[in-house]
Amino acid sequence: GVWRQTRALLFKNCLIKCRTKKSSVQEVLFPLFFLFWLILMSMMHPHRKYDEVADTSLGTLDTSMLVNFIIGYTPPTRMAREIMRKVAFDHFEDGIITEEYLSEEELQEASAFKPSTFVGVVFNDAMSYQLRFPDSVAMSSIYTESR
């Protein structure tokens, strides 16, 4: 029953492969060609690893650039409020304007209508966050090659 049918199907597939040698060779060589091509491309453009930078004193902060600087953050949790209070008042004499938003969508909408001095902070948890800059902020040219 089953063994006979399996053997017949296997024999039929072998006959088809022997009769269509060109397509059989293509089935084997094309994946090998693409694998070789991917390896070659990865060798031509290797990832660059940047060493860590030693701790250095950056001097005093020029607070004249931070006039009318607005930081929006979400979600408005107790920990986020405490972190933003420290950022706004403990490190700057005049303080920075902070605004809280209920969701990331509200933060993105607000950044579209705010001036270019608006920066968004999205807290993932108590220890990690993501920054959201407006499109007009110039990106550092140091790391653009590794994007």
Quick one: are Tyr73 and Phe123 in side-chain contact, heavy atoms under 4.5 Å? yes
Please step through side-chain contact (heavy atoms from CB on, under 4.5 Å) for the pair Tyr129 and Ile83, ending with a clear verdict. CA-CA 11 Å; Tyr129 61 89; Ile83 291 170; over 6 Å; no
Under 3.5 Å donor-acceptor pairs involving side-chain atoms of residues 30-44, not counting sequence neighbours:
from  : atom 1 : to    : atom 2 : distance (Å)
Ser42 : OG     : Leu38 : O      : 3.4
Ser42 : OG     : Ile39 : O      : 2.8

Please answer whether the main-chain N or O of Ile71 pairs with a side-chain N or O of Thr98 as donor and acceptor at a distance below 3.5 Å. no
Thr20 (side chain) donor-acceptor with Ser23 (main chain) under 3.5 angstrom: no
When you look at Glu99 and Phe118, which way does the side-chain contact (heavy atoms from CB on, under 4.5 Å) test go after all the steps? CA-CA 10 Å; Glu99 298 174 352; Phe118 182 85; 4.2 Å; yes
Can you tell if the side chain of Lys17 reaches within under 4.5 Å of the side chain of Glu27, non-hydrogen atoms only? yes
Shortest non-hydrogen separation from Tyr101 to Ala110 and the atoms involved: OH-CB, 3.3 Å
Closer than 4.0 angstrom, basic N to acidic O: yes or no for Glu82 and Arg78? yes
CD of Gln130 to CD of Glu104: how many Å apart, nearest 0.5 Å? 7.0 Å
OG (Ser103) and CD (Glu109) are apart, to the nearest 0.5 Å, by 7.5 Å
Does some side-chain heavy atom of Thr74 sit less than 4.5 Å from a side-chain heavy atom of Leu102? no
Show the nearest heavy-atom pair for residues Pro75 and Ala80, with the distance to one decimal. O-CB, 3.5 Å
